[in-house]
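Comments concern the structure below.
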Amino acid sequence: MSPFHAIHPAAATGRRHLPFLMAGLLLAGCAVNPVTGKRELSLVSEAQEIDIGRTEAGNVVRQLGLHSDTAVQGYVSRIGLRLAAISERPGLPWSFQVVEDASVNAFALPGGFIFVTRGILTHLNSEAELAAVVGHEIGHVTAKHTVQSISRAQVAQIGLGVGSIISPTVQSLGGLASTGLGVLFLKYGRDAEEQSDALGFRYALREGYDVRAMSDVFRTLQGVSENAGVGRTPQWLSTHPDPENRVGKNEARLAALTTSLEGTVLNRTTYLRRIEGMVFGEDPRQGYFENGTFYHPDLRFQLTFPEGWRTQNQPDAVAGGGPNGDVLVVLELVSGANTPEEGLRTFSAEQGVTATGRSSISANGLDGVQTRFRVATQQGTLEGEAAFFEHRNVVYRILGYGTQSGFRNNANAVRNTFRSFAPVTDPAVLNRQPMRITLVQLPREMTVAEFRQAYSSSIPIEQLALINGVSVNGSFARGTLVKRVR
């Protein structure tokens, strides 16, 4: 895992499975695309595609974590499985899961492994909108867009020598040099995105959904792009075409319909009741950043990153990267170690890691050990330092590493970050709670402004309007269920 650089799942697919795919080059040939019926070059068999997707799905779950509400998981899965069943590839081992991620995102892995984030669920307003999003991601799989991307990337990736990873830690470190290249080569093209929109429209319509809701999804995504609010940057938008253009294309699809949409369903109330009580934005109980410091209320620790560094929190790591992208600091829990010394020994024994020296380190009443290390990858030699602390019966490993010049230029900043590791005792941090979606059924017609005044909300009016799918100057009819955030 490369904990800091957020990548499209397809990028990870191409990099991690390159040796496996190279073996398949000799068997490569033409295959018929299930959607278009045309023959195309494919370097990945369906069995390989499924194997890649299943492996990467496990990585996604480990990195992002699954949403804990089993009722929501079941709801999304049932919708996805119904749509997949009427697609061109019903026999794939389809899986639909919600990940515990505040970003507005959804993505597909090869072989039928689909993920939607908690963040996008809080921004949708009907089951028909959810079906449009899920149907779009199914379209990427049925049209084999990721398989095509992997096939096109083979020569480039082979030339770069990516994939010669020895141990999990070295795999994590080795991603520093190749992540950006993976994103470059494996983003979907505009034609693929437009094809997936059309397929998602087709699947949702076949299942009886009101496909006018797809335009509402694109309007919401446009609003998220313009008003970045609670939650991370909308990753879905970084790999998908401009939502405004897609509204027009969806309106053209609607105009071309020869059948009536009368009797199709939105299932708005059903959907909203499903997400009632859902956490909105980042969940501070899982850790949060404030003024450059990361706080974890449940684990009771804090870590301060250098000013100007980019930071990211994931279920299994928290990380920060220098502004030039040539140095990272990553904090992780060390499983199986009871003391800092044990953590250091395990790390030093990993194949591919050359650790030199051992010294003591103290940080805010915590005693630990540290070492310098090097890792040789095909992208170059990385060097850094590692520190190990024990806090509340848990051993933590903090790695600071980068290119040789990157680490040496930032060595003091890395060491200051190590020494900032500290217990948390502030009640304001320990008692911090997440914001949640609540629902209000209106006793009378209200404008958005009147609603916000009558039912106090913890988010700005622009964001309140956005998550309810209306304009700031819009209004709600009497009896409408309206989201608020408390």
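R484 and T438 are linked by a side-chain donor-acceptor pair at a separation below 3.5 angstrom, with hydrogens and angles left out of the test. Defined by atom type and a distance below 3.5 Å, a donor-acceptor pair is missing between the side-chain atoms of H145 and E193.
Look at E127 and R274 and you find no salt bridge, because none of the NZ, NE, NH1 or NH2 atoms lies under 4.0 Å from a carboxylate O. With respect to D216 and R219, a salt bridge is recorded, a charged nitrogen being found less than 4.0 Å from a carboxylate O.
Looking at T417 and P306, their side chains come closer than 4.5 Å, going by heavy atoms from C-beta outward. Residues V116 and F96 fail the side-chain proximity criterion, which asks for heavy atoms closer than 4.5 Å. Looking at heavy atoms from C-beta onward, R374 lies out of side-chain contact with F407 at the 4.5 angstrom threshold. Two residues are said to be in side-chain contact when any heavy atoms from C-beta on lie closer than 4.5 Å; E342 and V395 fail this criterion. Within the 4.5 Å cutoff, no side-chain heavy atoms of I467 are placed close to those of T122. Using a 4.5 Å heavy-atom cutoff, the side chains of V98 and Y75 are not in contact. Residues V99 and L66 are in side-chain contact: their nearest non-hydrogen atoms beyond the backbone lie under 4.5 Å apart.
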- Task: Go through the steps for V279 and H67 under the test side-chain contact (heavy atoms from CB on, under 4.5 Å), then give the verdict.
- Result: CA-CA 10 Å; V279 170; H67 183 58; over 6 Å; no
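The backbone N or O of R358 sits nowhere less than 3.5 Å from a side-chain atom of T371 that would complete a donor-acceptor pair.
By the 30° and 60° cut-offs, the orientation of the rings of F451 relative to Y455 is tilted.
For the pair R432 and Y295, the NZ or CZ position fails the cation-pi test of under 6.0 Å to the six-membered ring centre and within 45 degrees of the ring normal.
The aromatic ring centroids of F301 and F389 lie 6.0 Å or more from each other.
Scanning all heavy atoms of the two residues, the minimum distance from D101 to T117 falls at O-CB, 3.4 Å. The shortest heavy-atom contact between P110 and E49 is CB-CG, 3.5 Å. Nearest heavy-atom pair, A57 versus L109, reported as atom, atom and distance to 0.1 Å: N-CD1, 3.4 Å. Nearest approach of G321 to L328, heavy atoms of both residues: CA-CD2, 3.7 Å. Closest heavy-atom contact between G343 and V334: CA-CG1, 4.3 Å. Of all the heavy atoms in L464 and K483, the pair that sits closest is CD1-O, 3.4 Å.
The distance from atom OG of S348 to atom CZ of R345, rounded to the nearest 0.5 Å, is 9.5 Å. Distance CZ/F305 to CG/L331: 7.0 Å, rounded to 0.5 Å. Note that CZ of R392 is 10.0 Å distant from CG of D298, once rounded to the nearest 0.5 Å. Taken to the nearest 0.5 Å, the CZ atom of F113 stands 6.5 Å off from the OG atom of S95. Between N409 atom CG and N324 atom CG the span is 8.5 Å, to the nearest 0.5 Å. Put simply, NE2 on H123 and CD1 on I275 are 10.0 Å apart, with the number rounded to the nearest 0.5 Å.
Of the residues F289, Y288, W309, F421, the one that meets the ring pair (Phe, Tyr, Trp, His ring centres under 6.0 Å) test with F294 is F289.
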